[in-house]
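Okay, structure first, notes after.
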Amino acid sequence: MSKVEAAAIFPTGNYDLQHYPPTNEQSYCVYPGSAAGVSLIANLTWSNSQMNTFEKVHSASYTMTTGTLPSGQTIPISHFTKITADGNIAYWSAHQPLPINGTSTYPSLMSAEKNGYVLSLSATGLSETQNELVMTTMLRKL
């Protein structure tokens, strides 16, 4: 997604996109927002193991469990809602269980599969509608 496309969905300010070249069968880009607490990280992978993991996590037969950090803090299970983004099934979790380190900001997560790619979005400060618009824009390119 270009900076212009991102700016049409959420205020990106005058920051440069931070795009990283593909490594280990994945590529990602950071879209900083102009408002405090607004950001988007998009990760695209074509790894068979990531595709299998995506399918398992979102199948009815896969059981997820809580976890524990070294500090003893419990990590609750993320709950995903099945939605449609531009005709593609996507999974949305409004708030991940733990805040971003050093903040009280909880990121949201949206992911979808198309044509052998898994696209994952991790965003702070964006609404579900904005996440869906980002997902739709990116899925159309696959």
Side-chain angles (χ1 to χ4, degrees), residues 1-13 15-35 37-142:
M1 178 172 69
S2 71
K3 183 175 180 177
V4 171
E5 290 170 318
I9 299 170
F10 66 96
T12 57
Y15 302 104
D16 290 331
L17 297 180
Q18 300 169 30
H19 178 263
Y20 300 90
T23 58
N24 299 324
E25 300 180 283
Q26 68 178 336
S27 179
Y28 65 98
C29 188
V30 178
Y31 298 83
S34 61
V38 176
S39 69
L40 169 71
I41 299 172
N43 182 44
L44 182 68
T45 182
W46 49 94
S47 160
N48 286 332
S49 69
Q50 291 296 321
M51 179 67 70
N52 290 335
T53 299
F54 174 84
E55 291 170 355
K56 285 179 186 176
V57 166
H58 298 297
S59 74
S61 63
Y62 189 76
T63 304
M64 292 175 42
T65 185
T66 61
T68 305
L69 295 174
S71 66
Q73 184 178 9
T74 300
I75 304 170
I77 298 171
S78 294
H79 295 283
F80 292 92
T81 302
K82 190 176 184 178
I83 63 169
T84 303
D86 195 42
N88 296 283
I89 293 172
Y91 298 92
W92 160 256
S93 180
H95 297 290
Q96 291 302 295
L98 295 174
I100 295 172
N101 194 19
T103 74
S104 60
T105 303
Y106 288 82
S108 64
L109 180 66
M110 187 177 287
S111 57
E113 179 276 327
K114 184 177 178 184
N115 296 332
Y117 294 92
V118 174
L119 174 61
S120 300
L121 308 176
S122 178
T124 58
L126 299 183
S127 67
E128 179 179 354
T129 300
Q130 288 170 312
N131 275 273
E132 286 178 23
L133 288 169
V134 169
M135 181 64 75
T136 295
T137 300
M138 291 184 169
L139 287 175
R140 286 181 179 164
K141 297 177 184 293
L142 297 178

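The analysis underlying the following values was restricted to heavy atoms, covering all of them including side chains, and did not include hydrogens, waters or symmetry mates.
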Next item on the list: Check whether any side-chain heavy atom of Ser108 sits under 4.5 Å from a side-chain heavy atom of Trp92, and report yes or no.
Entry: yes
Checklist line | Check: Ile83 and Met110 side chains under 4.5 Å, non-hydrogen atoms | finding: yes
Next item on the list: Only pairs at least two apart or in different chains count here, so list each salt bridge (charged side-chain N to carboxylate O under 4.0 Å, His left out) that has a residue in residues 111-122.
Entry: none
Notebook entry, point to check: For Tyr28, what residues pass the ring-ring contact (aromatic ring centres under 6.0 Å, His included) criterion, not counting sequence neighbours?
Noted result: Tyr20
Check: What are the two closest non-hydrogen atoms of Leu142 and Asn115, and how far apart are they?
Finding: O-ND2, 3.3 Å
Margin query: Would you compute the distance between atom OG1 of Thr81 and atom CD of Glu128 and round it to the nearest 0.5 angstrom?
Written below: 7.5 Å
Next item on the list: Report yes if the side chains of Leu121 and Leu40 come closer than 4.5 Å at any heavy-atom pair, otherwise no.
Entry: yes
Check: Ile9: what forms a side chain to side chain contact (heavy atoms under 4.5 Å, CB included) with it, not counting sequence neighbours?
Finding: Met1, Gln130, Leu133, Val134, Thr137
Check: Which distance, rounded to the nearest 0.5 Å, do you find between the CG of Asn88 and the OG1 of Thr136?
Finding: 8.0 Å
Notebook entry, point to check: Would a distance-only check, ignoring hydrogens and angles, find a side-chain to backbone donor-acceptor pair under 3.5 Å from Ser122 to Ile41?
Noted result: no
Note to self: Nearest 0.5 angstrom please: Leu139 CG to Tyr117 OH, how far?
What the structure shows: 12.5 Å
Next item on the list: List for me each residue that meets side-chain hydrogen bond (donor to acceptor under 3.5 Å, both in side chains) alongside Ser47, sequence neighbours excluded, and say none if there are none.
Entry: Ser49
Check: Mind checking what makes salt bridge (charged side-chain N to carboxylate O under 4.0 Å, His left out) contact with Glu5, not counting sequence neighbours?
Finding: Lys141
Checklist line | salt bridge (charged side-chain N to carboxylate O under 4.0 Å, His left out) contacts touching residues 78-95 (sequence neighbours left out) | finding: Asp86-Arg140
Notebook entry, point to check: Hey, are the side chains of Val38 and Thr124 touching, using non-hydrogen atoms and a 4.5 Å cut-off?
Noted result: no
Note to self: Counting C-beta onward and ignoring hydrogens, is there a side-chain heavy-atom pair between Gln26 and Val118 closer than 4.5 Å?
What the structure shows: no
Item checked: Distance-minimising heavy-atom pair for Ala123 and Asn131 -> CB-OD1, 3.6 Å
Checklist line | Nearest heavy-atom neighbours spanning Tyr31 and Ala6 | finding: CD2-CB, 3.8 Å
Notebook entry, point to check: What pairs with Thr53 under side chain to side chain contact (heavy atoms under 4.5 Å, CB included), at least two apart in sequence or on another chain?
Noted result: Val57
Check: Could you state the interatomic distance from CE (Met51) to CD (Glu25), rounded to the nearest 0.5 Å?
Finding: 11.0 Å
Notebook entry, point to check: In Å and rounded to the nearest 0.5 Å, what is the CE to OG distance from Met135 to Ser111?
Noted result: 6.0 Å
Next item on the list: With sequence neighbours excluded, tell me which residues meet side-chain hydrogen bond (donor to acceptor under 3.5 Å, both in side chains) with Asn52.
Entry: none
Next item on the list: Considering non-hydrogen atoms only, spot the tightest contact between Ala7 and Thr12 and give its length.
Entry: CB-OG1, 3.6 Å
Item checked: Set of ring-ring contact (aromatic ring centres under 6.0 Å, His included) partners for Tyr91, sequence neighbours left out -> Phe54, His58
